[in-house]
Amino acid sequence: MSASAQIGVTGLAVMGRNLARNFARHGYTVALHNRTAAKTHALVEEFGDEGSFIPTESAEEFVAALERPRRLVVMVKAGEATDAVIDEFAPLLEEGDMIVDGGNAHFADTRRRERKLRERGIHFVGTGISGGEEGALNGPSIMPGGSKESYEALGPMLEKVAAKAEDGAPCVTHIGPDGAGHFVKMVHNGIEYADMQLIGEAYQLLRDVAGYSPARIADVFRTWNTGRLDSYLIEITAEVLKHTDPSTGKPFVDIVADAAEQKGTGRWTVQIALDLGVPVSGIAEAVFARGLSGHTALREASGHLSGPSPKPLEEAEAARFADQVEQALYASKIVSYTQGFHEIAAGSAEYGWDIDLGAVASIWRAGCIIRAAFLDRITAAYAQQPELPSLLSDPRFASEVEGAQGDWRDVIGTAVRQGVPTPGFSTALAYYDALRAPRLPAALTQAQRDYFGAHTYHRVDRDGTFHTLWGGDRSEAES
Ligand SMILES: NC(=O)c1ccc[n+]([C@@H]2O[C@H](COP(=O)([O-])OP(=O)(O)OC[C@H]3O[C@@H](n4cnc5c(N)ncnc54)[C@H](OP(=O)(O)O)[C@@H]3O)[C@@H](O)[C@H]2O)c1
């Protein structure tokens, strides 16, 4: 077989097949491979007229079909399957060839794979791809890691197939070496969890406190989507809320079991944040809220516990309350992005990735699940001040939160009084208040630690490390 494909895709389930079609639709010849060859042939039968495909049945045939340096995209189930595919293909590759892993790999696995393949001169490009099957076909947001040289060979192709933001810029950039791309994709998913949780809390408040029907809440969300909350997740929330279940005639949202599932990237975001010492409380609450929802037996056993039940507001008050919820949602959203970008900055510092935070925000503007008008503002904030300590230090975000915070506090107060759980809104406000607090009770925590464990403390008035002899004469010793 003559080597004439500029790119190859192995793993032709929903994501791989659509990505392969996307490359072909942009004029590239695409070599195809799947463990089960039937999927390869089905793709060519159904979509062969969309572009130029080279179906192959074996690893040898697949590799032989690729032009050098070979660009081989792996879109298989993340985990052991990725290692199995690498073990199968890597021995057939040569120096300078590239394996692009587009699956949702853990960045630590990506670092391990990259290191191993680098020894053989093969570029391993761990790449976050967001946008689901529709994005893979029509333009995803792409977050490639790996070496700079690999981006030189891959970048122009990725730029063609990526989503385009409103200003026409492709939603792809070289994130940084080894696992940087998969790390950023992980945090993207963590932010997605937080966004969804906050939207869920806004919905619950409009339903239980404002007393609105799902259809009416859909209208509220549609209106919000024309303003600063303009985003894919708000848009689809309105669609979901206006949908009626055909078999019962009930609002669709009422016939769906309220036990949320997860695949793991949100959990990873929190686990890694704990390792890095970064407070991503909004993402953590979102993961925990999904976890709590799934404990159906525990919830059933606890349903009798006492507390207030929400009483819907009068019409005029409800409309005012809905406006306040928009403020609370927006301010909480700013906090969850602040926390997510803090985690990316911390990961970048820890692993020496030198990630451009503004560029990350800019490639999330289209194609991905958290695409939102507001990301333009984050890009602008980092462009103005690349060393911004936190998004909340940006004057525009700070003044928006200042404007929102009266309503933000009122909404949380109302939720607490009426017994509506709003862990996302509440933790976001607590984070904001903790950041601006002149003194935190951490001083007391340190004193307690010194008392029971001689863990020592620092003083506010002089340098050094101190320990008080709590069981003795309580004199202070410098250690
Ligand atoms: N679905 C999404 O919205 C989405 C979004 C972003 C990223 N991703 C990531 O993209 C990747 C592909 O996702 P997907 O939903 O299209 O497919 P998937 O269900 O995660 O994986 C199915 C594919 O993996 C192959 N596979 C499984 N085990 C294998 C093994 N041991 N050796 C070789 N091939 C193996 C399957 O081959 P057979 O046909 O032979 O079984 C099939 O092609 C995943 O890593 C996923 O996390 C998915």
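Owing to the predicted nature of the structure, the values given are computational and were not obtained by experimental measurement. If you read the sequence from its start, that first residue is 1, and numbering goes on from there. Numbering of ligands and ligand atoms starts at 1, following listing order.
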TODO: Count the heavy atoms of every other residue, nucleotide or ligand shown that sit under 6.0 Å from CG of D354, and state whether that count exceeds 12.
DONE: no
Open item on the list: Looking only at protein heavy atoms, which one is nearest to atom 16 (O) of ligand 1, and what is the separation?
Closed with: M15 N, 2.9 Å
TODO: Taking atom NZ of K160 as the centre, report whether more than 12 heavy atoms of other residues, nucleotides or ligands fall under 6.0 Å from it.
DONE: no
- [ ] Check ligand 1 against G132 and write out every atom of the ligand that is under 4.0 Å from a heavy-atom position of the residue.
- [x] 3 (O)
Open item on the list: Below 4.0 Å, non-hydrogen atoms only: which portion of K39 touches ligand 1? Side chain, backbone, both or neither.
Closed with: side chain
Task: Closest to atom 9 (C) of ligand 1 among D101, N104, T36 (heavy-atom distance) - done: N104
- [ ] Note the single closest protein heavy atom to atom 31 (N) of ligand 1, along with its residue, its atom name and the distance in Å.
- [x] R35 NH1, 3.4 Å
Open item on the list: Students should be able to answer this: which protein heavy-atom is nearest to atom 6 (C) of ligand 1, and at what distance?
Closed with: I129 O, 3.2 Å
TODO: Check each of D87, V76, T82 against atom 11 (C) of ligand 1 and report the one with the nearest heavy atom.
DONE: V76
TODO: Please write down residue, atom name and distance for the protein heavy atom closest to atom 33 (C) of ligand 1.
DONE: V85 CG2, 3.6 Å
Task: Euclidean distance, C171 SG relative to I142 CD1, rounded to 0.5 Å - done: 9.0 Å
TODO: Measure the spacing between OG1 of T422 and CG of L329 and express it to the nearest 0.5 Å.
DONE: 12.0 Å
- [ ] Any atoms of ligand 1 less than 4.0 Å from a non-hydrogen atom of G11? List them with their elements.
- [x] 43 (O)
- [ ] Could you tell me how the ring of W408 sits relative to the ring of Y432: parallel (under 30°), tilted (30 to 60°) or perpendicular (over 60°)?
- [x] tilted
Open item on the list: Show the atoms of ligand 1 that are less than 4.0 angstrom away from any heavy atom in A78.
Closed with: 45 (O)
Open item on the list: Among all protein heavy atoms in this structure, tell me which lies nearest to atom 12 (C) of ligand 1, with the distance rounded to 0.1 Å.
Closed with: M75 O, 3.4 Å
TODO: Test H182 against every option in T265, N104, T127, T110 by the side-chain hydrogen bond (donor to acceptor under 3.5 Å, both in side chains) rule and name the one that passes.
DONE: T110
TODO: Please check if a non-hydrogen protein atom sits closer than 4.0 Å to atom 39 (O) of ligand 1.
DONE: yes
Open item on the list: Against D97, only a single residue in R120, R68, R71 fulfils salt bridge (Lys or Arg N to Asp or Glu O under 4.0 Å); can you say which?
Closed with: R68
- [ ] Hey, could you give me the CG/CZ distance between D178 and R112, rounded to the nearest 0.5 Å?
- [x] 13.0 Å
Open item on the list: So for atom CD, which belongs to Q384, do other residues, nucleotides or ligands contribute more than 12 heavy atoms lying within a distance under 6.0 Å?
Closed with: no
Open item on the list: Taking 4.0 angstrom as the limit and counting only heavy atoms of L12, give me the atoms of ligand 1 inside it, by number and element.
Closed with: 43 (O)
Open item on the list: Quick test: of every protein heavy atom, which one is nearest to atom 19 (O) of ligand 1, and how far off is it to 0.1 Å?
Closed with: A13 CB, 4.6 Å
TODO: Tell me which protein heavy atom sits closest to atom 24 (O) of ligand 1, plus the residue, atom name and distance to 0.1 Å.
DONE: K77 N, 3.1 Å
- [ ] Please write down residue, atom name and distance for the protein heavy atom closest to atom 43 (O) of ligand 1.
- [x] N34 OD1, 2.7 Å
- [ ] Look at the rings of F341 and Y382 and say which category their plane angle falls in: under 30° parallel, 30 to 60° tilted, over 60° perpendicular.
- [x] tilted
